[in-house]
Structure formats: structure tokens, C-alpha cells
Amino acid sequence: MSTDGVNAAVPVAAQATPAVDPRLIVRQEGVAGYFKEFRRRLGSGELGSLPVVLALIVIWAVFGSLNSSFLSAQNLSNLSQQIVGTGMIAIGVVFVLLLGEIDLSVGSVSGLCGAIYAVLEVTHGVNQWVALLGALAGGAVVGLIQGLFFAKVGVPAFVVTLAGNLAWNGLMLQILGANGTVNLSGHDIVSRLYSTIYGQTAAAYGLALACVLLFLAAAVQEARRRQRAGVPYRPMSDIAMRTGVLAVIAFLTAYTLNQYKGLPLALLIFLIFIVVLDFVLRRTSYGRQIFALGGNIEGARRAGINISWIRISVFMIASTMAAVGGLFLAAQIQSASQTSGGGNLLMNCIAAAVIGGTSLFGGRGKTWSALLGALVIGSIQSGMNIEGLSNAIQFMVTGAVLLAAVVIDSLSRRTQKAAGRA
């Protein structure tokens, strides 16, 4: 391969002073250079989302071979709606895990906020938008209370949120009252947000096109910004390859959705939350402070980061996202009941974040982990339901997948330390 393309892609300043960290070196032009960098990342333990993507492919291949209906457009479309509630809560869990902490109350908070909405809107006849805002505000207040105990009082997050798990569940039962169940009308705003499906073919394809163009524009802008700054940047061949892969995934998803009913509004809202909060984490000083705090708390303190504020705000985000997820879960079953937020919901949400690639040790993860992890767990549950397997088997398989994800995370960290990357 000629070196002219490589030299053209690397700024003069970068050629004069080679980057110490290999992750900052520009990939060589062409497919060979890209895969050379890919092998280097694997060798240094920088696995990214590769394990969960491979796991998802294996899961779909296994269940697809056992029953052809698993990969049908109807089942996959239903799956895209069913993972929204758990996925929303998992996004908040990602934020907490980035600090190296845990929130054991998100399941109860989701049930509590679903109950707040149902009781306000159905029992007391409050305007549905006011009821919706009241439920979200309830989640934020819960996060504020727990964050204050953790950041200001110094109570470990595990203890605070474990106590919260019990307390908020009790408050939910109190709000629901003696009846214990409040049924939604099916015509309220939350139910419509969950059940609405855009049947026009252009809706799903339009979303796919918008995602691809948005990614391409952001990647090109980032490359130009780094080029002007005289630091290594992605060559256009790399950007084109990534954009092509995203386009295949996006349009294949759109095609599958259109084979059934169309684009679910719930899925669209889920993706919007992921993109917006991903921007917050990766493109704002606030997001960088979260990563800094999770990576090295003492270093973050010496850098002047307001540790208490970051901790409190992250727990508020987690509880607010639990409220959002709780509303979608209530809409999914068309009611708020004494069992809301219970069962294996908490474990599924934490498992989704971890299986999706967020480290339990803090400092590494992204909001897309919630989508990937929720897809894995949802696919396992859907496939086993189709095969008629019991909940006991589902729990064991999900637990095994979670353990595998943590083992991979631990081995990855160990490899990065050996390679001087951690």
C-alpha cells in the first residue's frame, strides 16, 4: 500500500510528534489499515460493543433455527416495543454505573411513578399532561433525596438505594390504596405514546435515512475539527465504512418494521433519549466530569470537579429515567398495580446496562449499552417464551449471560492494564 494516502491523512504536526497513545494514531487508508487497528484494539482489551453484538447474533441464530417465527417481522417489531420500558430504566443505570456505583431502587421508583400517573389521571381526574409531569417530577425528587444521602451524608449508594427500594415500594402501595390496581383508559397520553405506530412506509425509512445522515455529518465535522486542530483524525475511508455499516443496519431495521405495522413511536422516543443523553455524556463538560469521577475520584477532586453535584445529578437522572421507563411499562400492561416495578425488573435493568458494555468498575460505558443489553435480554425472553420454556430456565440463562458479561469486562480491564491502557 502506498504511504501517500497515509501522509495525506495525517497533519504535519502529528507526523513530527508521534502520538504516545496508539488509540490516537490515525488509521491507515484502506480496509487493511482499518483491520490492523481493529486487531490492535482487540489485543489491548479494548473490546467495545463487540462481545454483546456477537452474543446477539448467536442468540438470534439459535432461536431463529429453533423456530422461524422468532425472526418474523411481527415478533421483532413487538420486541422493539417491549424493550423500551426496561431500556429507558437501563439508560439511567448506565449513568450510575459510570460513577462506579449502583442503584437498587430503580425498579421500585418505576412502579411508584407509574402509580402516581395512574392515580392522578384516572382516580383524581387530573389533566393527563399534569399527571405525566407529576410522575416525572416524582422520579426526580426521589433521585434528589437519595443523591443527598449519598453525596452529602456519606451513606453508601448500595445502602441508600436498597433502603429506597423498600421505601418507594411501600409508598407505591400506599398511593394505590386498598384496591391495589388502577387501570388506564388506553386513550391517555402515556398509552398513546406506547401504542402508536406510524404505518406509512416513509416513516421508518425516513428515520433510517435521518440517522445515517446525522451520523455522517457528525463524523465529518469531528474529523474536520480535529484536522484544523492539528491532531489525528479519522480518514474519509474509515468514516465511509462506518456510515455504510450503520446504513445497512438502519435500513434493514426499517424494512423489517415495515413488513409488519410500521415504526413504533415508543421505539422512536427510546432512540431519541439514547442519542440526546449520548451527546450529553460524550460532548459536554458535564459528561466528561462523570467519566472523570468514575475513572479516578481523587483526580477528579483535584481537577476542581464538584463531586457532590455530579453524584446528586446522576442519581436524579437515574430516577427520572426510571420514571420514564415505569410509565412505558404501565402503558404496556395498561395498568399500575401492586406488582409494578417488582419481579425481575431491577435485575433485568442492571443486567441490560452491564451486558450492553457498561463497566461495573466505573468510567466506561455509553447510553447505547442500554439498547444492546435490552435487546439481548428481550431476545432471550422472547425466544424462550416462543419455545414454551419456564421462567426458571429464563432466569438461569439470563444470569449466565450477565456473568459472562462481567467476566469479559474483568478480563478486558486486566488486559488493558497489562497493555498500559487502563
**Item:** L184 side chain reached by V122 side chain, heavy atoms, under 4.5 Å
**Value:** yes
**Message:** We want to know whether S191 and D188 form a side-chain donor-acceptor pair, criterion being a heavy-atom distance below 3.5 angstrom.
**Reply:** yes
Rounded to the nearest 0.5 angstrom, the CZ-CE distance for F95 and M321 is 8.5 Å
Are S335 and S337 close enough that a side-chain donor and a side-chain acceptor fall under 3.5 Å? no
Has Y286 got more than 12 heavy atoms of other residues, nucleotides or ligands less than 6.0 Å from its OH? yes
To the nearest 0.5 Å, atom CH2 of W60 lies from atom OG of S379 at 5.5 Å
Next on the checklist: Checking side-chain polar atoms at under 3.5 Å, does Y260 have a donor or acceptor matched by the opposite partner on S72?
Outcome noted: no
message: Using the rule given for side chain to side chain contact (heavy atoms under 4.5 Å, CB included), can you reason through I89 versus L345, listing the C-alpha separation, both sets of side-chain angles and the distance that settles it, and then say yes or no?
response: CA-CA 9 Å; I89 303 175; L345 177 62; 4.2 Å; yes
* For residues S108 and N165, is any side-chain donor paired with an opposing acceptor at under 3.5 Å? -> yes
| Under 3.5 Å, is there a donor-acceptor pair linking the side chains of T161 and S105? | no
Are V155 and F150 packed together at the side-chain level, in the sense that at least one heavy-atom pair is separated by less than 4.5 angstrom? no
In terms of heavy-atom contacts, V96 and A318 come closest through CG2-CB, 3.5 Å
Scanning both residues in full, the closest heavy-atom pair of G107 with L346 reads N-CD1, 4.3 Å
Does CZ in R224 sit with more than 12 non-hydrogen atoms of other residues, nucleotides or ligands closer than 6.0 Å? no
- Message: Please check this pair: side chain of N296 against backbone of G299, looking for a donor-acceptor N/O pair closer than 3.5 Å.
- Response: yes
message = So for atom CZ, which belongs to F149, do other residues, nucleotides or ligands contribute more than 12 heavy atoms lying within a distance under 6.0 Å?
response = no
With side chains defined as the heavy atoms from C-beta onward, is the minimum distance between R311 and I297 less than 4.5 Å? yes
Checklist line | Side chain proximity check, S382 to N75, heavy atoms < 4.5 angstrom | finding: yes
Exercise. Could you tell me whether E298 atom CD has more than 12 heavy atoms of other residues or ligands within 6.0 Å of it?
Key: yes
Could you tell me how the ring of F251 sits relative to the ring of Y205: parallel (under 30°), tilted (30 to 60°) or perpendicular (over 60°)? parallel
One should read off an interatomic distance between L277 CG and T367 OG1, to the nearest 0.5 angstrom, of 6.5 Å
*S80 and F270: CA distance, side-chain angles, deciding distance, side chain to side chain contact (heavy atoms under 4.5 Å, CB included) verdict*: CA-CA 10 Å; S80 71; F270 185 26; over 6 Å; no
Side-chain contact, heavy-atom cut-off 4.5 Å: T253 with L76?
no
Donor-acceptor pair, distance only, cut-off 3.5 Å: does the side chain of S340 make one with the backbone of G111? no
Worksheet entry | Side chains of W168 and Q146, donor plus acceptor under 3.5 Å | yes
- Query: Counting distance only, does the side-chain N/O of Q221 pair as donor-acceptor with the main-chain N or O of A218 below 3.5 Å?
  - Reply: no
| request: Applying side chain to side chain contact (heavy atoms under 4.5 Å, CB included), run through I386 and F63 and close with a yes or a no. | output: CA-CA 9 Å; I386 291 176; F63 285 122; over 6 Å; no
So CD1 of I307 and CD1 of I312: to nearest 0.5 Å the spacing works out to 11.5 Å
Margin query: Do I310 and L99 make a side-chain contact, defined as non-hydrogen atoms from C-beta onward lying under 4.5 Å apart?
Written below: yes
Separation between OG1 (T284) and CD (Q289), nearest 0.5 Å, reads 8.5 Å
- Could you check if a side-chain atom of L120 sits within less than 4.5 angstrom of a side-chain atom of L132, using non-hydrogen atoms only? no
query: Donor-acceptor pair, Q81 side chain versus Y194 backbone, under 3.5 Å?
result: yes
Tightest non-hydrogen contact, residues L112 and I175, listed as CD1-CD1, 3.6 Å
Between A90 and A353 the two heavy atoms that sit nearest each other are O-CB, 4.0 Å
Q: Run the numbers on F328 and I269 for side chain to side chain contact (heavy atoms under 4.5 Å, CB included), then give the verdict.
A: CA-CA 11 Å; F328 277 101; I269 296 174; 4.0 Å; yes
Taken to the nearest 0.5 Å, the spacing of L216 CG from T243 OG1 works out to 4.5 Å
Check your understanding: Any donor and acceptor pair, going by atom type alone, linking the side chain of E101 with main-chain N or O of A157 inside 3.5 Å?
Key -> no
- Would you say the side-chain atoms of R192 pair up with the backbone N or O of H187, donor to acceptor, closer than 3.5 Å? yes
Check your understanding: Within a strict 4.5 Å, meaning less than it, do heavy atoms of the H124 and V119 side chains meet?
Key -> yes
- [ ] Would you mind checking if R282 and E222 are paired as a salt bridge, meaning a charged N to carboxylate O distance below 4.0 Å?
- [x] no
Task: Exercise: do Q338 and T181 side chains pair donor with acceptor under 3.5 Å - done: no
- Query: Can a donor-acceptor pair be found between the side chains of Q394 and N385 at a distance below 3.5 Å?
  - Reply: yes
G139 and A323 have their tightest heavy-atom pair at CA-CB, 4.2 Å
Original post:
Does T86 reach the main-chain N or O of I83 with its side chain, forming a donor-acceptor pair under 3.5 Å?
Top reply: no
For I239 and A223, the nearest pair of non-hydrogen atoms, with its separation, is CD1-CB, 3.9 Å
